[in-house]
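Notes follow the structure.
Note: hydrogens, waters and symmetry copies are ignored here, and every other heavy atom, side chains too, is used. Since the structure is predicted, the reported quantities are computational estimates derived from the model, not experimental observations.
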Amino acid sequence: MWKVAMSEEVGKALQSVVERVNQAAARRTKTLPAVPPRLVAVSKTKPPEMVVEAYRQGQRNFGENYVNELVDKASDPLILDSCPEIKWHFIGHLQKNNVNKLLGVPNLFLVETVDSAKLADKVNSSWQRVRGGGTERLKVMVQLNTSGEQSKHGLPPEETVNTVKHIVSQCSALHFLGLMTIGSYGYDLSLGPNPDFQMLLSRRQEVCDGLKLPLEGVELSMGMSTDFEHAIEVGATNVRVGSVIFGNREYPNSAANTPNPSPAPSPEKTSKKVSEEAAKKMQRLTVSEH
């Protein structure tokens, strides 16, 4: 049975994040495109009931990192029945052998992690095949590795313009929506603006200049639970927020006990910035099984 405490906590947390998003947008300099930021609620490892509760509170955009989890969640009868206008974002690393599976997801809205021209070609051809004669193009973003970390996926920033040009000119089934980055974790804002976000801003300018695209027509997906307000202030149009809305993520099976372990949790999952008080509240975000 769905616990009342969980419903209340998700609702309050979501409302708080929405208010913070709006306040951060109001602080943006007038020189930035006036594009209202889109909040993507990252629901990985969370049950369908939590997605439904956030949807009931007005949330429409949800993000998942793993193809199999997104397939299962998006096809769940509860979500299909309760969330007809849901918009799914894929925000994890996409391997070519999972493209067909991903593109079969109902209500797939945006693939944020295209990181090569070859992957774009695969997604393009698969979307044409999956959708048949349909005219709707699939929205995609190009993911950049702005921090240069080997542990991060993404396109080398210097290849941005050519890759976007390839998508715009050669991938007729795709609609290029913007650029995305994860960036380094735990950046200290007292040192100044986040350099990963600044890198994404500068690469967008290069894309717009080189391909004659309007600045407001190229979105920026950057910022997560610990830094989404700063990201919005400097120009993010799409932020991906999970634990602040749904509570800390739970991974019941360790890699050692799992035949096909999922990738290790990101530092965001184990962020030490969550206060003890918040952690106690998040413990109430559980589902009792019957």
Side-chain angles (χ1 to χ4, degrees), residues 33 35 38 40 61 63-67 70 87-105 108-183 195-223 235-238 240:
V35 179
R38 180 192 302 107
V40 180
N61 292 275
E64 291 287 339
N65 289 65
Y66 306 125
V67 172
L70 175 52
K87 298 177 180 179
W88 289 109
H89 295 230
F90 184 70
I91 60 175
H93 178 56
L94 179 58
Q95 297 177 315
K96 293 186 183 70
N97 61 345
N98 280 328
V99 167
N100 290 338
K101 184 184 296 185
L102 172 64
L103 299 194
V105 166
L108 180 64
F109 176 73
L110 172 61
V111 178
E112 296 197 20
T113 51
V114 173
D115 59 5
S116 70
K118 288 184 178 179
L119 180 59
D121 287 338
K122 173 64 176 177
V123 173
N124 182 66
S125 61
S126 294
W127 185 250
Q128 290 174 325
R129 189 164 54 252
V130 168
R131 298 305 174 187
T135 58
E136 181 181 3
R137 293 186 295 163
L138 176 64
K139 298 178 182 65
V140 299
M141 286 184 168
V142 172
Q143 180 183 5
L144 307 188
N145 184 349
T146 54
S147 63
E149 296 170 272
Q150 291 186 351
S151 60
K152 298 285 196 307
H153 295 289
L155 188 75
E158 61 271 16
E159 298 178 17
T160 305
V161 174
N162 286 338
T163 302
V164 173
K165 182 179 180 180
H166 176 85
I167 293 173
V168 172
S169 62
Q170 303 297 323
C171 299
S172 60
L174 305 183
H175 171 59
F176 169 68
L177 197 65
L179 305 177
M180 178 267 208
T181 189
I182 294 176
D196 291 307
F197 299 166
Q198 295 302 307
M199 170 70 77
L200 209 63
L201 282 160
S202 65
R203 294 301 177 179
R204 176 176 68 174
Q205 189 65 56
E206 289 181 5
V207 166
C208 292
D209 291 344
L211 304 181
K212 302 297 188 290
L213 299 175
L215 206 63
E216 64 273 11
V218 179
E219 292 199 27
L220 297 178
S221 178
M222 57 189 191
T237 63
N238 190 87
R240 312 176 302 272

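- No side-chain N or O of S147 forms a donor-acceptor pair with one of D196 less than 3.5 Å apart.
- Taking CG of N145 as the start and CG of D115 as the end, the distance is 9.5 Å to the nearest 0.5 Å.
- Between R38 and N238, the shortest heavy-atom distance links the atoms NH1-OD1, 2.7 Å.
- Of the possible donor and acceptor atoms, none in the side chain of T113 sits under 3.5 Å from a partner among the backbone N and O of H93.
- Here K101 contributes atom NZ and L70 contributes atom CG; the two are 11.0 Å apart, rounded to the nearest 0.5 Å.
- Here the closest non-hydrogen pair linking Y66 and F90 is C-CE1, 3.8 Å.
- The backbone N or O of E136 sits nowhere less than 3.5 Å from a side-chain atom of R131 that would complete a donor-acceptor pair.
- Distance check: L213 CG to Q205 CD gives 11.0 Å after rounding to the nearest 0.5 Å.
- Proximity of V67 to L94: side-chain heavy atoms (C-beta onward) are separated by under 4.5 Å at one or more points.
- When all heavy atoms are compared, the tightest approach of W88 to E64 is CZ3-CG, 3.8 Å.
- Note: S126 OG to L119 CG = 9.5 Å, rounded to the nearest 0.5 Å.
- For R204 against P33, the heavy-atom pair with the smallest separation is NH2-CD, 3.9 Å.
- Proximity of N124 to Q128: side-chain heavy atoms (C-beta onward) are separated by under 4.5 Å at one or more points.
- Side-chain contact check for T146 versus M222: every heavy-atom pair is 4.5 Å or farther apart.
- The structure places CD of Q143 at 10.0 Å from CG of L200, a figure rounded to the nearest 0.5 Å.
- Taking the side chain as every heavy atom from C-beta outward, I182 and R240 approach each other to under 4.5 Å.
- For CD of E158, the number of neighbouring non-hydrogen atoms (other residues, nucleotides, ligands) closer than 6.0 Å is greater than 12.
- The NZ atom of K139 sits 6.5 Å away from the NE2 atom of H175 when rounded to the nearest 0.5 Å.
- Considering all non-hydrogen atoms of both residues, G235 and L220 come closest at O-CD1, 3.8 Å.
- Residues D121 and C171 have side chains in contact (heavy-atom distance under 4.5 Å, counting atoms from C-beta outward).
- With T181 contributing its side chain and L144 its backbone, the two residues share a donor-acceptor pair below 3.5 Å.
- Residues C208 and V218 share a closest heavy-atom pair of SG-CG2, 3.7 Å.
- No more than 12 heavy atoms of other residues, nucleotides or ligands shown are found within 6.0 angstrom of NZ on K165.
- Proximity of V123 to L102: side-chain heavy atoms (C-beta onward) are nowhere separated by under 4.5 Å.
- In this pair, H89 and F109 present their aromatic rings tilted. The plane angle is within the 30 to 60° band.
- In this structure, the side chains of V164 and L179 come closer than 4.5 Å at one or more pairs of heavy atoms.
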